[in-house]
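Please read all numbers here as calculations on a predicted model, not as lab measurements. Convention: sequence-line order gives letters A, B, ...; per-chain numbering from 1.
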Amino acid sequence: MKRYYQPEIETASREQILAWQNERLVKQVHHVWENVPYYRKKMEEKGLTPEDIKGVADLHKLPFLTKDDLREAYPYGLMGKPLKDCVRIQSTSGTTGKRVVAFYTQKDIDLWEDCCARAIVAVGGTEEDVCQVCYGYGLFTGGPGLNGGSHKVGCLTLPMSSGNTDRQLQFMTDLEATIICCTPSYAAYLAESIHERGLRDQIKLKAGIFGAEAWSEEMRRDVEKSLGIRAYDIYGLTEISGPGVAFECEEQTGMHINEDHFIAEIIDPNTGEVLPEGEKGELVFTCITKEAFPLLRYRTRDICVLSRKKCSCGRTHVKMSKPMGRSDDMLIIKGVNVFPSQIETVLLEQGYQANYQIIVDRVNNSDTLEVQVEMTAENFSDSLSKIGEMEKQLVGALKAMLGIYAKVKLVAPKTIARSEGKAVRIIDKRKI
Amino acid sequence: MTNIHQISIFLENRAGSLAEVTGMLAESGINLRALSIAESADYGVLRIIADDAEKATAALLEKGCVLSMTPVTVVSVPDEPAGLSEVLKLLAEGSVDIEYMYSLFTHQNAKAYMVFRVADEEKFRAVLSAHGIGLATKEELGLK
């Protein structure tokens, strides 16, 4: 069985990887300097020219990019190629409602799909396999990324997109899917449905690639046991490309970062200082091969640890742990990025005060979101149906902003604790 | 035209929330003439007619309640079988849409009193006066 999609890259020596990174970083900094005025200005403010960056050792000198920069430069300000050279956008929600839009040239798509193909081969995927992709297709990167990777491996690809469990199970059994790609919570839900319907004997799955939200080792064992598969994690973000920035191998002890495309650093989220290997901190990525959306030193806000310990799978690329938290207040609910500030914006627009509480839970393996907000005099009425309408309107506005359903609970005034310093707005009851 | 004000108060749907509000009113020496509750799964609306609406409102606002004042009409109906039924029949014939109604605690002069909140107040009043149905006065109800 083929163990690697691109063996010469995935098992290259550390020296070779570093040589690629040095060469590509220098080239990329020149590319950005010449084509992205927004970043060039940031470099100039630090007194930098491309000549100051001679290799990975100089990377720490470059300025960071954050989600705020993406918002400020929205939509075209961080592009490295003219629109006529771009063939695709993907998008994700950003803070306070402004979306993140990432651009891709055909080459960008190719390299991204290579990364996803590596992930699929790493879980045992070959051209003999039937790969069922139940991530959302469309603006979300999950579906398109794994779909492209699956094509590259030569799997028969089932482009299911998310939802419609009846149809998922019908195709899974009728077409004998062997690999499934979805969020871990949906995998758990599917497993439950399979047992309820007594379909366990008709399932031919051997592996699952589950990403886009946090999950625990316990959840991995549960899903592996109930579906009789091996379950693998995958990591990515739209800003950097999408799923496949890093992926798990058979060892299941962390995700190999595709270092020939992305240089990873761990920094202290407070000072921005680069931390030594093995220390926990914020993950920062520099894209060294991307053309259309070449972000340098992008702060992911994900907290994790990097490890260069030798991996038994033979891959030599650095491994990242599962993200252990965030250095900002972003929540991932049903695979969707949710910022409390988005919820706050909607509440204020709808005439409520900024006193609210967000309660996230996982019920029957599916994330739930509840927004508790205090009733205000303006929104109150003697008529229950009018209050009900206001509530419905708020639910609709939240759905439009977040892209997911949030239950609204109206509570009496002054029942939500006022902020003393840092407000406790988020109660995350999920055990993951 | 008798101007009677109902106070509507937002209540959370949990044990004790009604007692809290009536406690506040008791503390301020407010007497209730009528009360009704409408509820959904998570919250309710308590509607009251207080003997002193102004004082009651001030006390509740001070305690941080969310409330609204709504003008309502109190109709006196004969306190006998079919007394209310007759009135409602006339309102139905006049196509008056009742949003909600409830009864008042007072019984005087063989009259019972019903609090009405309707969609179209003008039409409502027209039907009442066309049939000589009386409205309660504040004095009758012991309201300030």
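For residues 41-49 of chain B, heavy-atom neighbours of chain A at less than 4.5 Å comprise D42(B), Y43(B), V45(B), R47(B), sorted by residue number. Proximity to chain A at a heavy-atom threshold of 4.5 Å picks out F10(B), E12(B) from residues 10-32 of chain B, in numerical order.
Other residues, nucleotides and ligands contribute at most 12 non-hydrogen atoms within 6.0 Å of the CZ atom of F171(A). More than 12 heavy atoms of other residues, nucleotides or ligands lie within 6.0 Å of NZ in K407(A), so this atom counts as buried by the packing criterion. Around atom OH of Y189(A), no more than 12 heavy atoms belonging to other residues, nucleotides or ligands sit under 6.0 Å away. By the neighbour-count criterion of 12 heavy atoms within 6.0 Å, atom CD of E54(B) is sparsely surrounded, having that number or fewer from other residues, nucleotides or ligands. Within 6.0 Å of atom CD in E93(B), more than 12 heavy atoms from other residues, nucleotides or ligands are found, so the atom counts as buried in its surroundings. Around CD of E217(A), the count of heavy atoms belonging to other residues, nucleotides or ligands within 6.0 Å exceeds 12.
Contacts of Q6(B) with chain A are made by side-chain atoms alone, with heavy-atom separations under 4.5 Å and no backbone atom involved. Neither the backbone nor the side chain of S385(A) comes within less than 4.5 Å of any heavy atom of chain B.
D382(A) approaches S8(B) most closely through the heavy-atom pair CB-OG, 2.9 Å. Shortest non-hydrogen contact noted between V66(B) and F380(A) is CG1-CB, 3.4 Å. When all heavy atoms of C65(B) and P413(A) are compared, the pair lying nearest together is C-CG, 4.4 Å.
With values rounded to the nearest 0.5 angstrom, S40(B) atom OG is found 8.0 Å from L410(A) atom CG.
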